[in-house]
**Q** 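Please find one structure pasted underneath; my questions will follow.
Just so it is clear, the structure is predicted and the values come from calculations on it, not from any experiment.
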Amino acid sequence: MLDLRLLRADPEGMERRLRRRDPGIDLKPILARDEERRRLSARADELRRKQNEASEAMARLAREGKAAERDALREELKGVAAERKAVEERLQAVERELEAALLALPNVPHDSVPDGTKEEKVALRSWGEKPQFPFSPKHHVALAQALGLLDLERAAKVTGARFPMYTGDGARLEFALLHWMMELHAREHGYTPVLPPILANRASFVTSGQFPKFASEVYACPEDELFLNPTAEALLVNLHRDEVLAEEDLPRKYVAYTPCFRREAGTYGEEGRGLIRVHQFNKVELFQYTTPETSYGALEELVRQAEAVLQRLGLHYRVTLLPAGDLAQQAAKTIDVEVWLPGQGRYYEVSSCSNCEDYQARRGNIRYRPADGGKLRYVHTLNGSALATSRLFAAILEQNQREDGTVALPPLVADLLGKPVLG
RNA sequence: GGAGGGAUGGGUGAGCGGCCGAAACCGCCGGUCUUGAAAACCGGUGAGCGCAAGCUCCGGGGGUUCAAAUCCCCCUCCCUCCGCCA
């Protein structure tokens with residue numbers, strides 16, 4: 001949600017900035033609604049004031065026993081009450097329209113975000129080297145199935161396509177990675193661990209930005225008006241919904257492990273085969289509530305902490321800056337970490353770190369009291385995966401595979417699993 | 001799932017349809033006193049919108065009324081008991 005006052009103060013400038021990400025955005029209808037809202041609101045205020053004043057007079061007349069005058073005033077006030085009711089009904093309708101329009105607007109891209117579409121992401125840096133193979137590296141599905149780490153056929157029987165099932169050492173590897181990442185962020189990076197509920201209510205997903213515009217991406221339990229978690233970001237941003245935090249308590253840093261569910265409606269094809277694009281995956285998510293002054297520093301911190309995971313696993317990756325046209329609705333700036341998958345000869349996103357500035361804080365009414373005792377301000381919220389395991393799992397297999405189809409585990413993983421080689 | 005009780009300001013907790021943004025106590029802030037502190041005493045102390053006048057907010061929504069924290073209806077959440085259950 002954007003600040004209406006900013007939209008009002010500089011409509012052309014705001015529209016120009018928003019069109020960097022979506023050329024179709026038009027603020028005129030919103031501003032017109034806002035103008036009507038303020039006009040109606042002023043009229044309603046005036047009528048209420050008249051009523052409040054008359055109410056005191058009514059009370060006085062009643063006390064003084066002046067029944068005739070009181071009755072006359074009452075008759076007069078019926079007209080005021082009727083007009084107020086009519087004005088307020090109209091006002092409410094306009095407010096709903098305005099609210100709906102505002103909820104659909106995306107965040108404003110930060111000035112440091114380049115123009116461009118999805119294909120035009122900017123590579124910032126890379127770490128490590130592409131592993132060289134004296135043979136043709138295999139796809140992680142081929143490796144995993146040969147080693148008994150994944151059972152996609154039975155998963156499809158139990159649930160359906162694109163719901164992976166980890167088996168044997170695959171299940172152990174997945175679980176070990178999740179646990180190790182939780183410990184890393186909790187113990188070394190200072191995050192408070194959270195194991196949240198996986199279903200959330202409608203208000204939560206409005207705050208996060210999933211609703212109303214992207215509701216079709218979310219699995220729903222309509223009987224109960226509950227929805228399956230698509231990313232722990234959507235849960236963690238609601239921890240402090242409708243709260244006022246103290247500046248001394250910022251930043252608040254949380255790390256959560258959750259399964260993530262996404263309908264991925266309309267995405268198909270060879271490109272998303274195996275663990276690349278699935279309806280359910282596991283993810284360790286970092287989340288921070290900060291002051292506006294410190295949020296961009298926090299974004300850099302999130303990226304470094306996501307990178308730390310890959311560095312300790314010895315996996316080659318690169319870091320990219322998303323262009324304006326590729327930002328998620330709630331993000332002002334996003335930096336991705338992409339791991340190298342030699343079986344497919346390309347990089348895939350394993351982490352996406354975003355600063356949402358006050359966009360989610362406004363939707364969820366999340367504020368803080370400045371240390372100097374000044375007015376309440378909205379916090380900034382940031383999220384970053386560190387990491388999503390499905391593609392991490394794939395990268396470990398593909399980057400460490402040997403010609404015979406076995407996998408030489410990185411020392412850290414070998415230690416976690418108590419064996420140096422899969423296969 | 002069934003029965004009952006509750007939701008008021010940072011906390012506890014009063015509140016007859018009008019004089020209630022709301023008593024009291026606690027907490028917090030400031031002051032007096034003190035070498036310093038405690039105690040005691042005095043004063044102050046919610047938020048939003050607005051240049052202001054003023055308007056709004058007593059879990060949420062709707063209704064009755066000239067007027068609702070207060071009356072009616074619906075919902076949510078919390079507590080107790082029963083049932084079921086990892």
Side-chain angles (χ1 to χ4, degrees), chain A residues 1-9 30-31 33-100 102-103 195-207 211-212 220-227 235 238-250 252 259 358 361-379:
Chain A
M1 184 115 69
L2 301 180
D3 185 352
L4 250 178
R5 274 172 297 194
L6 291 180
L7 298 182
R8 232 169 18 227
I30 291 176
L31 293 167
R33 279 280 168 276
D34 178 47
E35 202 166 310
E36 189 179 7
R37 179 188 65 84
R38 284 184 296 151
R39 188 177 59 73
L40 289 166
S41 173
R43 179 63 182 155
D45 268 16
E46 192 184 324
L47 291 167
R48 265 196 295 267
R49 177 186 167 189
K50 209 184 273 188
Q51 273 192 328
N52 288 343
E53 284 169 2
S55 270
E56 281 175 44
M58 289 284 289
R60 199 175 56 245
L61 292 172
R63 271 199 307 278
E64 294 167 356
K66 296 178 177 170
E69 288 177 48
R70 193 194 58 192
D71 291 347
L73 183 54
R74 176 187 297 144
E75 284 311 308
E76 190 186 323
L77 285 175
K78 282 186 181 175
V80 177
E83 185 187 350
R84 178 186 148 185
K85 191 176 177 186
V87 170
E88 286 186 339
E89 273 171 16
R90 178 73 192 131
L91 175 62
Q92 207 170 54
V94 171
E95 280 178 339
R96 283 195 180 129
E97 289 169 16
L98 184 62
E99 166 100 354
L102 279 176
L103 284 176
L195 212 43
I198 304 306
L199 297 177
N201 57 34
R202 183 172 296 278
S204 291
F205 284 2
V206 169
T207 296
F211 288 173
C221 306
E223 293 284 299
D224 303 289
E225 278 276 300
L226 293 173
F227 306 88
L235 305 174
N238 284 285
L239 257 56
H240 297 297
R241 168 149 55 86
D242 291 319
E243 289 185 24
V244 177
L245 305 171
E247 179 168 1
E248 295 73 27
D249 291 337
L250 298 177
R252 293 257 190 161
D358 63 2
R362 283 179 191 283
R363 293 166 87 100
N365 192 31
I366 311 164
R367 294 169 297 170
Y368 74 96
R369 186 176 303 285
D372 63 12
K375 284 200 149 206
L376 302 187
R377 303 172 73 195
Y378 287 106
V379 300

**Q** Considering residues at least two apart in sequence or located in another chain, which fulfil the ring pair (Phe, Tyr, Trp, His ring centres under 6.0 Å) criterion with A:Tyr368?
**A** none

**Q** List for me each residue that meets salt bridge (Lys or Arg N to Asp or Glu O under 4.0 Å) alongside A:Glu223, sequence neighbours excluded, and say none if there are none.
**A** none

**Q** Both A:Arg60 and A:Asn52 contact RNA chain B. Taking the nearest nucleotide for each, which residue is further toward the 5' end?
**A** A:Arg60

**Q** Each nucleotide N or O in nucleotides 7-10 of chain B that has a protein N or O under 3.5 Å away: list the pair and distance.
**A**
none

**Q** Using side-chain hydrogen bond (donor to acceptor under 3.5 Å, both in side chains) as the criterion, list what pairs up with A:Arg367, not counting sequence neighbours.
**A** A:Asn365

**Q** Restricting to salt bridge (Lys or Arg N to Asp or Glu O under 4.0 Å), what partner residues turn up for A:Glu247, sequence neighbours left out?
**A** none

**Q** Any idea which of B:rG48, B:rG54, B:rG50 is nearest the A:Arg367 side chain?
**A** B:rG48

**Q** Under 4.0 Å, heavy atoms only, any strand: does A:Arg5 hit a base, just the sugar-phosphate, or nothing?
**A** sugar-phosphate

**Q** Counting only heavy atoms and a strict 4.0 angstrom limit, can you tell me which residues of residues 34-48 of chain A come near RNA chain B?
**A** A:Asp45, A:Arg48

**Q** Could you work out, with salt bridge (Lys or Arg N to Asp or Glu O under 4.0 Å) as the rule, every residue matching A:Arg377, not counting sequence neighbours?
**A** A:Glu293

**Q** Taking salt bridge (Lys or Arg N to Asp or Glu O under 4.0 Å) as the test, write out the residues that go with A:Asp249, two or more places apart.
**A** A:Arg252

**Q** Could you pull out all residues at least two apart from A:Phe211 that satisfy ring pair (Phe, Tyr, Trp, His ring centres under 6.0 Å)?
**A** A:Phe205, A:Phe227

**Q** Can you measure from CG (A:Leu245) to CG (A:Leu239) and round to the nearest 0.5 angstrom?
**A** 10.0 Å

**Q** Under a 4.0 Å threshold between the charged nitrogen and the carboxylate oxygen, would A:Arg49 count as salt-bridged to A:Glu53?
**A** yes

**Q** Anything below 3.5 Å on both distances counts as a pair; with that, list the stems of at least three consecutive Watson-Crick or G-U pairs involving RNA chain B.
**A** B:1-7 with B:76-82, B:10-12 with B:24-26, B:27-32 with B:40-45, B:46-49 with B:54-57, B:59-63 with B:71-75

**Q** Is it true that A:Arg33 and A:Glu36 make a salt bridge, defined as a side-chain N closer than 4.0 Å to a carboxylate O?
**A** yes

**Q** Between A:Glu88 and A:Lys85, is there a side-chain N and carboxylate O pair less than 4.0 Å apart?
**A** no

**Q** Atom pairs, N/O to N/O, protein against nucleotides 63-68 of chain B, distance under 3.5 Å?
**A**
residue : atom : partner : partner atom : Å
B:rC66  : OP1  : A:Lys78 : NZ           : 3.4

**Q** Name all residues meeting the side-chain contact (heavy atoms from CB on, under 4.5 Å) criterion together with A:Val80; count only those two or more places apart in sequence or in a different chain, and write none if there are none.
**A** A:Leu47, A:Lys50, A:Gln51, A:Leu77

**Q** Contact class for A:Gln92 vs. all strands (heavy atom < 4.0 Å): base, sugar-phosphate, or nothing?
**A** sugar-phosphate

